[in-house]
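This report concerns only the one structure given below.
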Amino acid sequence: MIAALQTQPLTQPTLRQLMSSKYSRLDRFISQKTLIKRKNIRLLLAQKRIQVDGKIALDTQQLIGPFNQVIFDHEILQQHSAQYWMMNKPTGVVSATKDQKHLSVIDLLGDECAADLHIVGRLDLNSSGLILLTNDGNWSSALTRPENKVPKRYLVDLANKISAEYIEAFSNGMYFSYEDITTLPAKLSIIADRRAEVELFEGKYHQIKRMFGRFRNPVLALHRLSIGELQLDPQLPLGQYRALSAVEIQSFSASDC
Ligand code: URA
């Protein structure tokens, strides 16, 4: 596997993220790490003893985020790299960090992946396909925030024949009384008698199974093909994962946040 070793996340933080607690001013950051008083940090900067991402730092107010490398003299105070991975999840593997009964997607990852990865958008135990993993919370929240309505495409195999009336029902939205919600318009394309492609702009609990359930048509297999612009790599075998390219990472820009 090729590790994703960007020191910096490839998306730029928004003002809201900069104001969040994950970012702090350089003088405060150094002071917290070294217990040197904040008023003395200016002198360290003037003496060119502090580097941020390989450059001499000059400004006490420079904002430090979770993925900046910070060095004081020759001591690394922070060294975190942003990581972005895609996995082709097999069925029978849980989209969770740990599970008592089943293997989890985190169990499938090797040592080259960061310990603090989280899953971006879950898939059911018996669904397969594209799963994204990252340690960059800004990036994952851009993808999962409901108001961003990031499209997700699925290939669905069904027990019974699909008819044209499904298309309208999916596009009208369906009322789920348990949550008291109506699903957003979804796109259904019939590919074969018992196979369809479905595009959702949200992710309600067992949504696709429940939508086909309205037609008493059980889902036999559900495979996620894409999330936003990001397509599951057709070369990636089930259970395997790879680092995302810069272009793939940037397909979700910070402006989506
Ligand atoms: N809809 C489902 O029913 N299951 C999934 O895993 C994803 C969408």
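Both counts, for ligands and for their atoms, begin at 1 and track the order of listing. Here, residue 1 is the first one in the sequence, and each next residue gets the next number.
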Test side chain to side chain donor-acceptor pair (under 3.5 Å) applied to [X] - qualifying residues, sequence neighbours left out:
X      : value
Asp111 : none
Thr183 : none
Arg210 : Glu179

Inset, instruction - Would you please write out the protein residues whose heavy atoms approach any atom of ligand 1 to under 4.0 angstrom, listed by chain and number? - result: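 Around ligand 1, where the cutoff is 4.0 Å for heavy atoms, the contacting residues are Leu123, Asp124, Ser127, Tyr154, His206, Gln207, Ile208, Lys209, Leu222.
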Inset, instruction - Indicate yes or no: does Lys33 engage Glu75 in a salt bridge with an N to O separation below 4.0 Å. - result: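 Salt bridge between Lys33 and Glu75, a charged N being under 4.0 Å from a carboxylate O: no.
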Legend entry - Pair Tyr84, Asn135: side-chain N/O donor-acceptor within cut-off below 3.5 Å: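 The criterion, which ignores hydrogens and geometry beyond distance, is not satisfied for Asn135 and Tyr84.
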Legend entry - Reported CD-to-CG distance for the pair Gln250 and Leu244, which is rounded to 0.5 angstrom: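 The distance works out to 11.5 Å.
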